[in-house]
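Only one structure is covered here, and it is reproduced in the block below.
Lettering follows sequence order; numbering is per chain, from 1. Model, not experiment: these values are computed from the prediction.
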Amino acid sequence: MSIKAPRGTYDILPPESFNWHYMERVLTETAELYGYYEIRTPIFEHTELFTRGVGDTTDIVTKEMYSFTDKSERSLTLRPEATATCARALIEHSIYGGAMPVKWYYLGPMFRYDRPQTGRYRQFRQFGVEAFGSDSPYLDAEVIILLIDILNRLGLNNYELHLNSIGCPECRQIYRDKLVAHIRPQADKLCKDCQVRYSKNPLRVLDCKVESCHVAIAGYPYIKDYLCDSCKTHYETVKKVLKDNEVNFLHDDNLVRGLDYYTNTAFEIHIPDIGGQSAIGGGGRYNGLVKACGGPDVPGVGFALGLERILLALTKEKEVLADNSYADVFVIAVGEELEDMSTKLVSKLRKNNIKSDKDYAGRSLKAQMKFANRLGAKIAIIIGEDEINNNYFTVRNMNKGEQSQVANDNIIEHINNILANS
RNA sequence: GUGGGUGUAGCUCAGGUGGCUAGAGCACCAGAUUGUGGCUCUGGGGGUCGUGGGUUCAAGUCCCAUCAUCCACCCCA
């Protein structure tokens, strides 16, 4: 046992994998209800896609990418997120030439080289949606309504939706200048991280958690007061549609995005009490992204959810969310010479779509019963000499502890009956 | 990248200031009940004490290094 899963990766075993199936079903079925359909893209891309599409000053690109050189000296990178990938696919297949908007969802692993902690892994999984080709604020709202619908269907209640508008490059630049002018006299009072933020991306200073930074920048201007008319109208419409559709949100002046191709709506979902990283998802509008990736000027809006973090929140109270029975029926052969019979019966059950299993360890009847119980079997079928000689099966209802003799020919019907009533 | 905690059985963990053959609970296997699970009782298998080095008559225990893991920060999902 010397080789272990690499740092920041982990195995999902049953019954844990049941939770993933359950969650993924809710995610994909809900998305399709809203007209979003799955796009499956490569798990690695040319490194350049992410330096351009994520931003070469972001932490993701500067210190978290899993990049490697292949045998032909190409620089490739395990995808750290999927939005840039979707933009690439949109451009590559000239999807923008057809009917708009195009609405996609994706589900799968992402990779970031980072120190693992609660709810953070080097290989983690995201579900996200992207809608390209419409600048309508109603589409921003749809994406958010979908997100909230998903959380509700999963049974999460204690989340907070934070919402803000970061305007367009034009009005944001005016705001940025105002903000920098406001901070400049206090710049030396900021924490070490904020010193860096101040020069690199001043809007980031706003969501610093250090108390002294808040004090230092007190009275800072809000971006909402600097939005141009068009951006202001866009944001007001998004908020109105959310209210009309009973989605609660908190306007958050400190919610910002770093890069120029992010525009207008920005939102994040927080679950305060999962410990560690409370952000389980986020998204917004990115009207400049497709162009930044080398395509035409196509607007877009979307979100991504961190699935480990969602599961963390979901399993806080109950460990296994889905049906955790490994087999509905367990077939027991008493004595090795009857194993041919149990094998045939298990095959018959399976052909009739009854989830069933049998012993492969040469166990005694008692031990097989115990095993059946542990698998969560609802029914045990016993085949012994008596049964063979008289053409019947002994069927035991494991929950009720009742058992009966069932003629061989009636077995499927009988089992289906019990399962239907359990 | 920065700062802390922890590495002993498959899992959760005991093992004061070093000292006999390293323990418990759970899990697993078997028996009590020779054709019947869950509860109980009895027994059994399973550990190079993360790894390497050092101190010592003697190291699971002390020291150093290293790796792993967990937690937090930066940042993100």
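Side chains of A:H234 and A:D140: a donor on one and an acceptor on the other come within 3.5 Å.
Using a 4.0 Å heavy-atom cutoff across all strands shown, A:I332 reaches no nucleic acid atom at all. Base contact: A:G119 has a heavy atom under 4.0 Å from a base atom. Among the protein residues, A:G128 comes within range of no part of the nucleic acid, since none of its heavy atoms lies under 4.0 Å from any strand. Counting non-hydrogen atoms under 4.0 angstrom, A:N373 reaches a base of the nucleic acid. At a threshold of 4.0 angstrom between heavy atoms, the contacts of A:K370 are confined to the sugar-phosphate backbone, with no base atom among them. Residue contacts shown for A:E385 include a base, since a base heavy atom lies under 4.0 Å away. Contact annotation for A:F330: no contact, since no heavy-atom pair falls under 4.0 Å across all strands. The residue A:L365 sits close to a base: some heavy atom pair falls under 4.0 Å.
If you check B:rC74, B:rA30, B:rC75 against the side chain of A:E64, the one that comes closest is B:rC75. Checking B:rG35, B:rA30, B:rG38 against every side-chain atom of A:R363, the shortest atom distance belongs to B:rA30. Among the nucleotides B:rC29, B:rG38, B:rA77, the one closest to any side-chain atom of A:R396 is B:rG38. The side chain of A:A304 has B:rA77 as its nearest neighbour among B:rA72, B:rA77, B:rU36. The side chain of A:R374 lies closest to B:rC28 when the candidates are B:rC74, B:rC28, B:rA77.
Remark: B:rU56 base-pairs with no nucleotide in the shown strands. Criterion, Watson-Crick or G-U wobble with two distances under 3.5 Å. In this structure B:rC73 sits in a base pair with B:rG1, meeting the Watson-Crick or G-U test at under 3.5 Å. Shown here, B:rU12 forms a base pair with B:rA24; the pair counts as Watson-Crick or G-U wobble because both key distances fall under 3.5 Å. Across all strands shown, the partner of B:rA30 is B:rU42, judged by Watson-Crick or G-U wobble contacts whose two distances both fall under 3.5 Å. B:rU66 is paired with B:rG50 under the Watson-Crick or G-U wobble criterion, all donor-acceptor distances under 3.5 Å. Summarising the base pairing, B:rG37 is matched to no nucleotide, lacking a Watson-Crick or G-U wobble pair whose two defining distances lie under 3.5 Å. Pair check for B:rU61 finds none; no Watson-Crick or G-U wobble contact set falls under 3.5 Å.
If you measure from atom CG of A:L203 to atom P of B:rC75, you get 13 Å, rounded to the nearest angstrom. Whole-Å rounding puts the A:L312 CG to B:rC70 C1' distance at 14 Å. At whole-Å resolution of the value, CG in A:D114 and P in B:rC74 are 12 Å apart. As rounded to whole Å, 18 Å separates atom P of B:rC75 from atom CG of A:D56. The interatomic distance linking A:D359 (CG) with B:rU36 (C1') rounds to 14 Å, in whole Å. Between the CG atom of A:L338 and the C1' atom of B:rU36 there is a distance of 16 Å, given to the nearest Å. If you take CG of A:D59 and P of B:rA77, they are 11 Å apart, rounded to a whole angstrom. Between the CE atom of A:M65 and the C1' atom of B:rA77 there is a distance of 17 Å, rounded to whole Å.
Between B:rU17 and B:rC13, the distance separating the two C1' atoms is 23 Å to the nearest Å. On the C1' atoms, B:rG31 is 15 Å away from B:rG45, given to the nearest whole Å. Between B:rG37 and B:rG47, the two C1' atoms lie 31 Å apart (nearest whole Å). B:rU6 and B:rU48 have their P atoms separated by 24 Å, given to the nearest Å. Here, B:rA9 and B:rA24 have their C1' atoms 11 Å apart, quoted to the whole Å. Spacing between B:rA59 and B:rC41 at atom P, rounded to whole Å, works out to 40 Å. Rounded to the nearest Å, the gap between the P atom of B:rC39 and that of B:rC28 is 10 Å. Comparing B:rU21 with B:rG60, their C1' atoms sit 15 Å apart, to the nearest whole Å.
Using a 30° and 60° split on the angle between ring planes, A:Y10 and A:Y121 fall in the tilted class, from 30° to 60°. Aromatic ring pairs are classed by plane angle as parallel below 30°, tilted from 30° to 60° and perpendicular above 60°; the pair A:F44 and A:F68 is perpendicular. Aromatic ring orientation, A:F303 versus A:F127: tilted (interplanar angle from 30° to 60°).
Within the 4.0 Å cut-off from OP1 or OP2 of B:rC75, not a single side-chain nitrogen or oxygen of A:R115 is found. Phosphate proximity of B:rG37 to A:K366: present, with a side-chain N or O under 4.0 Å from OP1 or OP2. Contact annotation: A:R204 does not reach the phosphate of B:rC74 (side-chain N/O to OP1 or OP2, under 4.0 Å). For the pair A:R120 and B:rC75, the criterion of a side-chain N or O lying under 4.0 Å from OP1 or OP2 is not met. Between A:Q403 and B:rU36 there is no side-chain N or O to OP1 or OP2 distance below 4.0 Å. At the phosphate of B:rA77, neither OP1 nor OP2 sits under 4.0 Å from any side-chain N or O atom of A:Q126. At the phosphate of B:rA72, OP1 or OP2 sits under 4.0 Å from a side-chain N or O atom of A:T118.
Stacking here means ring centres nearer than 5.5 Å and ring planes tilted less than 30 degrees, and by that measure A:F124 stacks onto B:rA77.
The residue among A:E81 and A:A377 whose nearest nucleotide of RNA chain B is located toward the 5' end is A:A377. Nearest-nucleotide assignment on RNA chain B puts the 5′-proximal partner with A:N399, out of A:N399 and A:A279.
Judged by distance alone with a 3.5 Å cut-off, a donor-acceptor contact links the side chain of A:K63 to the base of B:rC74.
The aromatic ring centres of A:Y105 and A:Y36 sit 6.0 Å or more apart.
Between the side chain of A:D11 and the backbone N or O of A:L13 there is no donor-acceptor pair closer than 3.5 Å. Side-chain N or O atoms of A:N397 include one that pairs as donor or acceptor with a backbone N or O of A:N399 at under 3.5 Å.
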Next item on the list: Apply side-chain contact (heavy atoms from CB on, under 4.5 Å) to the pair A:F50 and A:D56, showing each step before the final yes or no.
Entry: CA-CA 8 Å; A:F50 300 118; A:D56 53 16; over 6 Å; no
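Cation-pi geometry between A:R122 and A:Y113 is met: under 6.0 angstrom from the ring centre, within 45 degrees of the axis.
In A:K291, the NZ atom is not crowded: 12 or fewer heavy atoms of neighbouring residues, nucleotides or ligands sit closer than 6.0 Å.
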